[in-house]
Amino acid sequence: MDSVFRSTEVMTIERFIMDQERLHPEATGELSNLLYDVCLAAKIISRQVRRAGLSDILGAMDTINIQGELQQKLDVFANDTVRNCVQHTGRICVMASEEEEDVLHIPDNYPTGKYVLLYDPLDGSSNIDANVTIGTIFSIYRRITRSGKGTVQDCLQPGYKQIGAGYCIYGSSTMLVYTTGDGVHGFTFDPSIGEFLLSHENIRIPKQGKIYSVNEGNYRWWYDGVKKYVKYLQEEDKATNRPYSGRYVGSMVADVHRTLLYGGIFMYPGDTRQHDGKLRLMYEANPTAFIIEQAGGRSSNGTQRILDIQPKALHQRTPLFIGSDHDVEIVEEFIQGKRDLTPKGDNEQRTSH
Ligand code: FDP
């Protein structure tokens, strides 16, 4: 971007979204405005995350959320912030949040609109107290009910129907990454002017990476295909760039963001204790799958493309394998029994799994 912009010329996210909107003459501007609303929420949450530790906001509340996890104060703050930034605008007919059991209806005194917003207000929240990167993830659909208040049916659409998705990560800087189906674009927040500025235009994920990201503490409960795949990644073979390096933040949004930029694979497999794994289809898997696919990558539950899964429940979980096209293809082959470890002596070591 340095060559494109002189020092006084910057591309704010508003200007970028407006430019993108002009490419679609049929656009009414409502989606753009909804994205601005989400950006505002991200800025407010970012400000609060940056103050964590200074204010009295750190630490757990006494309530347990729908997923059975202890809610953190910042979770609650982020959940309310997103809702309050969008519910009054007349652009949304219904919302669903990872933190809420049921859909969130638009209050009676506000108009309803044609979009549906699903969000995970603060992903990776068990990391908050350790100052580790966390983030907000969102997903936008068109409503399928005709008018009035939206229903759960509006929320339970397969991921390929998303018309927008993104996340904001609160890391060493705050960054917002989004797609509306025309590539993936990243904006870094400049706190001195209060704006997200274009820093990563048209992000492309490498076709193959060198990093795998998974909670290996769960190894003993994994199914054979995943065990073999991870062993495969750890073997030495120069021709296929192995062994891979392991990296696991434990905040999905941070692990996926690194995977988007550097390539490789992030996975949260199902296992013998949790057949569908831990991550939520609607709030975590679908939006990141849309982004990764738009960047040229791939996402799968091991046997099926994530975006093709027909959801049955708001909070359903799914195994997730996401990242570089080549890497996800190989794990699918292991899971589906189409590939196995090479017998010892063929430059790879056999394992007992
Ligand atoms: P968290 O529990 O901290 O909110 O789904 C939530 C999530 O974090 C993901 O962000 C993360 O990838 C995963 O759970 C971590 O789970 P493990 O601790 O089981 O590895």
Side-chain angles (χ1 to χ4, degrees), residues 45 49 52 58-61 63-79 82 96-101 118-139 159 165-171 175 177 211-223 226-227 230 246-260 264-289 291-292 299-301 306 311 313-323 328 331:
I45 298 167
V49 168
L58 275 180
M61 290 183 100
T63 52
I64 303 281
N65 70 3
I66 172 68
Q67 316 294 344
E69 298 155 347
L70 203 59
Q71 274 189 325
Q72 303 282 326
K73 285 182 186 175
L74 267 173
D75 277 17
V76 177
F77 177 86
N79 192 35
V82 176
S97 160
E98 198 225 310
E99 295 292 331
E100 309 270 356
E101 182 160 10
L118 278 72
Y119 63 97
D120 180 352
L122 216 49
D123 181 67
S125 53
S126 61
N127 284 317
I128 291 173
D129 284 356
N131 226 333
V132 170
T133 298
I134 49 183
T136 303
I137 312 175
F138 64 93
S139 176
Y167 57 77
C168 184
I169 50 168
Y170 315 108
M175 208 179 149
V177 174
I211 297 174
Y212 73 98
S213 185
V214 66
N215 183 346
E216 251 175 297
N218 295 332
Y219 181 90
R220 57 173 302 161
W221 294 290
W222 290 343
Y223 298 116
V226 176
K227 283 183 175 175
V230 169
R247 297 276 187 282
Y248 188 69
V249 177
S251 278
M252 185 228 182
V253 69
D255 283 312
V256 167
H257 184 64
R258 184 201 52 247
T259 305
L260 174 69
I265 185 165
F266 167 79
M267 45 195 163
Y268 207 110
D271 61 34
T272 53
R273 292 173 312 168
Q274 297 180 291
H275 181 69
D276 291 325
K278 178 180 183 190
L279 303 180
R280 292 77 172 171
L281 175 64
M282 307 307 291
Y283 311 106
E284 292 171 312
N286 270 337
T288 51
I291 290 167
I292 290 282
S299 69
S300 168
N301 67 0
I306 290 291
L314 273 183
H315 294 283
Q316 86 182 57
R317 298 172 194 263
T318 178
L320 179 65
F321 304 89
I322 187 166
V328 176
V331 74

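Remember, it's 1-based here, ligands and their atoms both numbered in the order they're listed.
Looking at Glu100 and Asn79, their side chains do bring a donor and an acceptor atom within 3.5 Å of each other. For the residue pair Asn286 / Ser139, no side-chain donor-acceptor distance below 3.5 Å is found, with atom types taken as modelled.
Here the shortest heavy-atom distance to atom 11 (C) of ligand 1, taken over Ser125, Gly217, Gly250, belongs to Gly250. When the heavy atoms of Glu98, Glu216, Gln274, Lys278 are ranked by distance to atom 14 (O) of ligand 1, first place goes to Lys278.
Considering only heavy atoms from C-beta on, Tyr170 comes within 4.5 Å of Thr136 through its side chain. Looking at heavy atoms from C-beta onward, Leu260 lies in side-chain contact with Ile292 at the 4.5 angstrom threshold.
For ligand 1, the atoms lying closer than 4.0 Å to a non-hydrogen atom of Ser251 are 10 (O), 12 (O). Less than 4.0 angstrom separates some heavy atom of Arg280 from each of these atoms of ligand 1: 5 (O), 6 (C). Listed by number with element, the atoms of ligand 1 under 4.0 angstrom from any heavy atom of Asp123 are 6 (C), 9 (C), 10 (O). Near Ser126, the atoms of ligand 1 lying under 4.0 angstrom from a non-hydrogen atom of the residue are 1 (P), 2 (O), 3 (O).
Residue-environment remark: CD (Glu101) stays at or below the threshold of 12 foreign heavy atoms within 6.0 Å.
Where the criterion is an N or O separation shorter than 3.5 Å, residue side chain and backbone included, Asn215 meets it with respect to ligand 1. Between Glu284 and ligand 1, at least one N/O pair is under 3.5 Å apart. Considering both main-chain and side-chain atoms, Met252 comes within under 3.5 Å of ligand 1 through a nitrogen or oxygen pair.
Taking the side chain to side chain contact (heavy atoms under 4.5 Å, CB included) definition, one finds that Ser300 meets it with Val328, Glu332, sequence neighbours left out. For Asn218, the side chain to side chain contact (heavy atoms under 4.5 Å, CB included) partners are Asn215, Trp221, Trp222, Tyr268, Asp271, Arg273, not counting sequence neighbours.
Contacts between Leu279 and ligand 1 below 4.0 angstrom, taking non-hydrogen atoms only, involve the side chain exclusively.
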